[in-house]
Amino acid sequence: MSTGSGADSAPAPTAPTSMFSSLRNRNYRLFASGQVVSNTGTWMQRIAQDWLVLSLTGSASAVGVTIAMQFLPMLLFGLYGGVLADRLPKRPLLLATQSAMGLTGLALAVLTLTGNVEVWHVYATAFAGGMITVVDNPARQTFVAEMVGPDEIRNAVSLNSANFQSARLVGPAVAGVLITAVGSGFAFLLNGLSFIAPIVGLLMMRTSELHKVQRSPRGKGQLREGLRYVAGRPELIWPIVLVGFIGTFGFNFPIWLSAFVDDVFHGDAGTYGLLNTLMAAGSLAGALLAARRGTSRLRLLVGAAVLFGVLEVVTAFAPEFWLFAVMMVPIGMFGLTVNVTANSSVQMATDPAMRGRVMALFMMVFTGGTPLGAPLLGWITDTYGARVGFAAGGVVSALAATTIGLVLCRVGGLKLKVDLRRGHEHVRFVRRAELATAA
């Protein structure tokens with residue numbers, strides 16, 4: 001699905017690539033090793049943090065406030081973080097943000113272990129962590145290009161997602177054991193200490209092997225410049241719009257899965273954990289499969305988004321628990337495919353000097369949309385039931401993907417061609433000029 005301006009595939013290798021090719025790069029190995037440790041700690045803190053708030057207040061709404069405190073800074077200030085990521089050297093910036101995130105974990109650990117923690121402390125540290133993420137996220141996303149170069153961006157982005165999903169499989173389980181055995185405080189302590197790993201990795205990097213990337217000089221109007229840059233490029237604006245719809249309406253799994261476990265299948269916390277584990281396993285598989293692909297095509301992004309929405313609708317009406325549980329795997333796989341493909345295609349189609357601002361917008365739309373869609377989908381789920389709520393998110397995701405796919409076809413002058421002759425590709429996109437010539 002080409003838009004005629006590089007939308008179908010940004011400059012990228014077309015030859016088959018190794019699933020772990022980015023790991024041949026020493027700097028990226030150090031980065032990935034540190035991230036798998038800190039990501040595990042981050043997932044531990046998420047679980048322990050929510051459990052602590054629930055223990056202190058007995059209120060699920062208070063847990064929702066904590067989550068909002070984490071994501072609100074990205075929604076409000078995400079674009080400014082992108083400006084800083086474009087303007088400042090990435091490695092020193094990441095040393096500062098990773099150190100600050102470790103300190104927030106240690107502060108909450110001290111408060112909890114000494115018995116002085118109050119719920120506002122948790123809100124404050126969640127908000128502080130969100131503010132740090134405003135800068136840390138675009139800096140980490142764009143630093144990948146400096147470590148591996150343009151030819152390996154897609155593979156490295158996929159491996160980053162696999163890294164995160166691996167931690168998602170391990171972190172909550174470890175947190176559950178720690179909370180039960182010794183309390184939430186030790187989970188916070190281990191999370192704070194886990195940031196030593198990425199800090200050491202950043203310090204050990206060979207700066208001479210980093211790819212030089214032009215930084216934006218300080219100047220007025222850089223935020224507006226970034227928005228104009230994206231608005232004028234369909235290969236950027238439409239993937240970002242699509243992940244905005246998917247993030248806002250299609251990724252409200254804490255609402256849906258808890259409702260299914262409680263109201264439909266009458267399970268317990270173990271059942272909820274099983275569903276999340278199956279989805280994480282599917283996401284990990286999707287990330288590893290994405291790492292093998294040689295290109296990041298928008299037709300793959302649109303197709304995966306359509307299938308993601310359709311799978312949510314189908315799964316919403318699964319009659320048996322075992323079928324519902326099994327469907328978590330492909331939902332996780334296609335959801336991750338959407339995220340990785342959009343991320344890598346946007347990065348590769350963006351000028352390096354603008355990449356921080358573009359990726360900040362990407363992450364702001366993708367993660368910042370969830371707190372906006374959650375109240376609406378939560379109300380639908382409470383009012384009409386878990387099945388209708390889950391299906392509603394899937395319908396919006398599939399319709400958005402279909403509509404954006406049609407827009408991209410129109411922009412690129414493409415039309416769907418169906419050829420049922422034996423030995424021919426039955427369904428493919430061709431330019432309208434080719435059809436006119438054939439006619």
Side-chain angles (χ1 to χ4, degrees), residues 3 6-7 9-10 12 70-87 90 93-94 97 130 133-146 150 153-154 156-161 164 213 216 222-251 287 290 296-298 300-302 304-305 308 335-373 397 400-401 404 408:
T3 64
S9 65
Q70 285 180 289
F71 289 107
L72 191 61
M74 180 62 74
L75 184 63
L76 297 178
F77 309 112
L79 291 176
Y80 295 97
V83 171
L84 290 175
D86 278 338
R87 185 182 295 168
K90 308 295 190 300
L93 186 60
L94 285 172
T97 57
T133 301
V134 165
V135 179
D136 181 79
N137 207 311
R140 266 190 302 111
Q141 296 278 339
T142 56
F143 189 51
V144 169
E146 294 190 28
I153 287 179
R154 181 207 47 76
V157 168
S158 300
L159 291 182
N160 282 352
S161 296
F164 188 75
V213 174
S216 296
Q222 289 181 319
L223 195 60
R224 291 191 298 273
E225 181 187 10
L227 293 174
R228 285 196 301 268
Y229 179 85
V230 172
R233 288 164 173 78
E235 69 272 25
L236 298 179
I237 187 65
W238 291 113
I240 291 174
V241 169
L242 178 54
V243 298
F245 274 100
I246 298 294
T248 302
F249 299 102
F251 271 77
S296 295
R297 295 181 179 275
L298 290 189
L300 173 63
L301 170 62
V302 171
F308 174 76
L336 199 284
T337 300
V338 171
N339 188 6
V340 169
T341 306
N343 188 314
S344 57
S345 64
V346 167
Q347 285 212 50
M348 289 188 291
T350 302
D351 185 275
M354 302 292 296
R355 196 169 278 147
R357 279 163 283 183
V358 172
M359 291 312 297
L361 178 62
F362 179 95
M363 294 307 300
M364 184 186 78
V365 169
F366 184 59
T367 62
T370 301
L372 298 178
S397 298
I404 290 170
L408 286 169

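Values reported hereafter were calculated over all heavy atoms of this structure, with side chains retained and with hydrogens, waters and symmetry mates removed.
Of all heavy-atom pairs between Ala304 and Val338, the closest is C-CG2, 3.7 Å. Heavy atoms only, all atoms of each residue included: Arg357 and Leu79 are closest at O-CD2, 4.2 Å. Of all the heavy atoms in Val365 and Gly244, the pair that sits closest is CG1-CA, 3.1 Å. The two atoms that bring Val144 and Ala156 nearest to each other are CG1-CB, 3.4 Å, heavy atoms only. Nearest heavy-atom pair across Pro234 and Pro239 is O-CD, 3.7 Å. Of all non-hydrogen atoms in Gln141 and Met363, the two that sit nearest each other are NE2-SD, 4.0 Å.
With values rounded to the nearest 0.5 angstrom, Leu336 atom CG is found 10.5 Å from Phe308 atom CZ. Ile404 contributes atom CD1, which lies 9.5 Å from atom CD1 of Ile237 (distance to the nearest 0.5 angstrom). Going from atom CE of Met74 over to atom CZ of Phe366 covers 12.0 Å, rounded to the nearest 0.5 Å.
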Exercise for review: Any chance you could lay out the side-chain contact (heavy atoms from CB on, under 4.5 Å) test for Leu84 and Tyr80, step after step, and finish with the verdict?
Suggested key: CA-CA 7 Å; Leu84 290 175; Tyr80 295 97; 6.0 Å; no

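For the pair Ser345 (side chain) and Ala342 (backbone), a donor-acceptor distance under 3.5 Å is present.
The 12-atom threshold is not exceeded at CZ of Phe245, counting heavy atoms of other residues, nucleotides or ligands nearer than 6.0 Å.
Asn160 meets the side-chain hydrogen bond (donor to acceptor under 3.5 Å, both in side chains) test with Tyr28; sequence neighbours excluded. Residues satisfying the side-chain contact (heavy atoms from CB on, under 4.5 Å) test with Thr350, not counting sequence neighbours, are Tyr229, Leu236, Val346, Met354, Arg355, Val358.
Contact annotation: the side chain of Leu242 never approaches that of Trp238 to less than 4.5 Å [non-hydrogen atoms, C-beta and beyond]. Within the 4.5 Å cutoff, side-chain heavy atoms of Asn339 are placed close to those of Phe362.
Applying the salt bridge (charged side-chain N to carboxylate O under 4.0 Å, His left out) test to every pair with at least one member in residues 135-145, sequence neighbours left out, gives these pairs: Asp136-Arg140.
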